[in-house]
Amino acid sequence: MLTTRFVNGAPNWVDLGTPDIEGAGSFYRALFGWDFQAGGPEVGGYGFFQLGGRITAGGMQTTEEQGPPSWTVYFQCAEAEATAKAAETAGGSVPMMPMDVMDQGRMAILSDNADVAFGIWQPDKRKGIDVAGDPGSLCWVELYTPDVPAAAGFYHSVLGLETSAVPFPGGTYTCVNPAGTTEDDMFGGLVALADDPAEQSAYWLPYFEVTDTDAVVAKAEELGGTVRMAATSMEGVGRMAKLADPYGARFAVIKSESESAPLG
């Protein structure tokens, strides 16, 4: 599962782009207990969601021209320019070129070979989120893609990610972990779009740990969110659900049963 012992290739940041950051802040505060602190004009209002004073995610208000409301997953890299070049070489693109974020680190937005956007973060003073795997924080990420082998090849070339097949009732699940680590360091999975009729587009889906999946689902509906997949239990994994906030940004929640990964 994901931790804050970040290594190259592992998710180390996640942020929300939304047309209403105040409304989104209220939604996630009621859902996860997050507080949003907006930044100043020097950072375009970009701010931090915090849980008990620890940063769980970033967020900012975006326009329609900047794309639909969404969560973006960032992966740690040692050198942003080299990683961006590797993405282009592997058949992806670089919608946002590497840039410094003051003295905090260096970031870029890339797209994979199926045109799925993701971020990279080269840490300086800011290593990543302050908490992962605890209730109310990021615990897993999942890529929905039209071609799992092609995606595995892309992310291996660009981020060094390694894959392994994990059996579960009805099939297998492709897990990913950083290069040179073990399966105990798995932080996410790759899922074929054809295997999940509920998913119509390719994207990275962040999972947040919760203490009661059903209660969170009910609260999300009450707050104007959408249930994209009803709460579902999987033996040895936990109880999970797929949601969207009132503005359409997609995410998932899980009450983990063990250290096992969410599978699908």
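Excluded from the calculations below are hydrogen atoms, water molecules and symmetry mates; all remaining heavy atoms, backbone and side chain alike, are included.
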Can you tell which of Tyr247, Phe208, Phe118, Trp204 makes a ring pair (Phe, Tyr, Trp, His ring centres under 6.0 Å) with Trp71?
->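 Only one option passes, and that is Phe208.
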
In this structure, which one of Phe27, Phe32, Trp13, Trp34 forms a ring pair (Phe, Tyr, Trp, His ring centres under 6.0 Å) with Phe49?
->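 Among Phe27, Phe32, Trp13, Trp34, the one meeting ring pair (Phe, Tyr, Trp, His ring centres under 6.0 Å) with Phe49 is Trp34.
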
Flag if over 12 foreign heavy atoms under 6.0 Å of CD, Glu22 |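 Result for CD/Glu22: open.
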
Heavy-atom count around Glu235 CD within 6.0 Å, excluding the residue itself: above 12?
->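 No, CD of Glu235 has 12 or fewer neighbouring heavy atoms, counting only those of other groups under 6.0 Å.
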
With heavy-atom distances below 4.5 Å as the criterion, would you say the side chains of [X] and [Y] are in contact?
X	Y	result
Lys242	Asp196	yes
Ile120	Val158	no
Ile129	Ser137	no
Trp140	Met186	yes
Ile55	Arg126	yes
Val191	Leu205	no
Arg106	Asp100	yes
Asp185	Thr182	yes

Quick one: does any side-chain atom of [X] pair with a main-chain N or O of [Y] as donor and acceptor, under 3.5 Å?
X	Y	value
Thr213	Arg239	yes
Glu162	Gly180	yes
Thr4	Ala132	no
Thr72	Ser70	no
Gln76	Asn12	no
Glu221	Ala218	no
Glu209	Ser256	yes

Flag yes if [X] and [Y] sit in one hydrophobic cluster, no otherwise; membership is Ile, Leu, Val, Met, Phe, Trp, Tyr, and two members link when side-chain heavy atoms are under 4.5 Å apart.
X	Y	answer
Ile254	Val227	no
Val131	Val216	no
Val217	Val237	no
Met107	Tyr46	yes
Tyr173	Tyr207	yes

How close do [X] and [Y] get, counting heavy atoms only, and between which atoms?
X	Y	value
Gln122	Ala80	OE1-N, 2.8 Å
Pro95	Ile109	CD-O, 3.1 Å
Ala192	Val148	N-CG2, 3.5 Å
Val141	Pro206	CG1-CA, 4.4 Å
Cys77	Thr83	CB-OG1, 3.4 Å
Ala152	Thr163	CB-CG2, 3.9 Å

Given Thr211, Asp212, Val253, Val210, the one that forms side-chain contact (heavy atoms from CB on, under 4.5 Å) with Pro135 =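 Only one option passes, and that is Thr211.
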
Using 0.5 Å steps for rounding, measure from the [atom1] atom of [X] to the [atom2] atom of [Y].
X	Y	atom1	atom2	result
Gln66	Thr18	CD	OG1	11.5 Å
Ile21	Met60	CD1	CE	8.5 Å
Leu159	Leu110	CG	CG	8.0 Å
Thr56	Gln50	OG1	CD	8.0 Å
Asp134	Leu51	CG	CG	8.5 Å
Asp115	Thr145	CG	OG1	11.0 Å

So which pairs with a foot in residues 221-242 pass ring-ring contact (aromatic ring centres under 6.0 Å, His included), sequence neighbours left out?
->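 For residues 221-242: none.
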
In sequence, state the C-alpha distance, the side-chain angles, and the governing distance for Lys125 and Met102, and then conclude on side chain to side chain contact (heavy atoms under 4.5 Å, CB included).
-> CA-CA 10 Å; Lys125 288 188 175 179; Met102 298 183 290; over 6 Å; no

How are the rings of Tyr144 and Tyr203 set relative to one another: parallel (under 30°), tilted (30 to 60°) or perpendicular (over 60°)?
->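 The rings of Tyr144 and Tyr203 lie parallel, inter-plane angle below 30°.
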
Relative to the ring of Phe75, is the ring of Tyr155 parallel (under 30°), tilted (30 to 60°) or perpendicular (over 60°)?
->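 Aromatic pair Tyr155/Phe75 classed tilted.
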
Under the side chain to side chain contact (heavy atoms under 4.5 Å, CB included) criterion, do Leu16 and Asp245 qualify, and how do the steps go?
-> CA-CA 11 Å; Leu16 174 69; Asp245 70 21; 4.0 Å; yes

Take Tyr28 and Phe251 through the test ring-ring contact (aromatic ring centres under 6.0 Å, His included) and record every step on the way to the result.
-> CA-CA 11 Å; Tyr28 290 103; Phe251 64 101; 5.6 Å; yes

Does a salt bridge link Arg228 with Glu199, judged by any charged N lying under 4.0 Å from a carboxylate O?
->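 Salt bridge flag = yes for Glu199 with Arg228.
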
Does a donor on one side chain and an acceptor on the other come within less than 3.5 Å for Asp124 and Gln104?
->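 Gln104 and Asp124 do not have a side-chain donor-acceptor pair below 3.5 Å.
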
Would you please indicate yes or no on a ring centroid separation below 6.0 angstrom for Phe6 and Trp121?
->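 No; Phe6 has its ring centre 6.0 Å or more from that of Trp121.
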
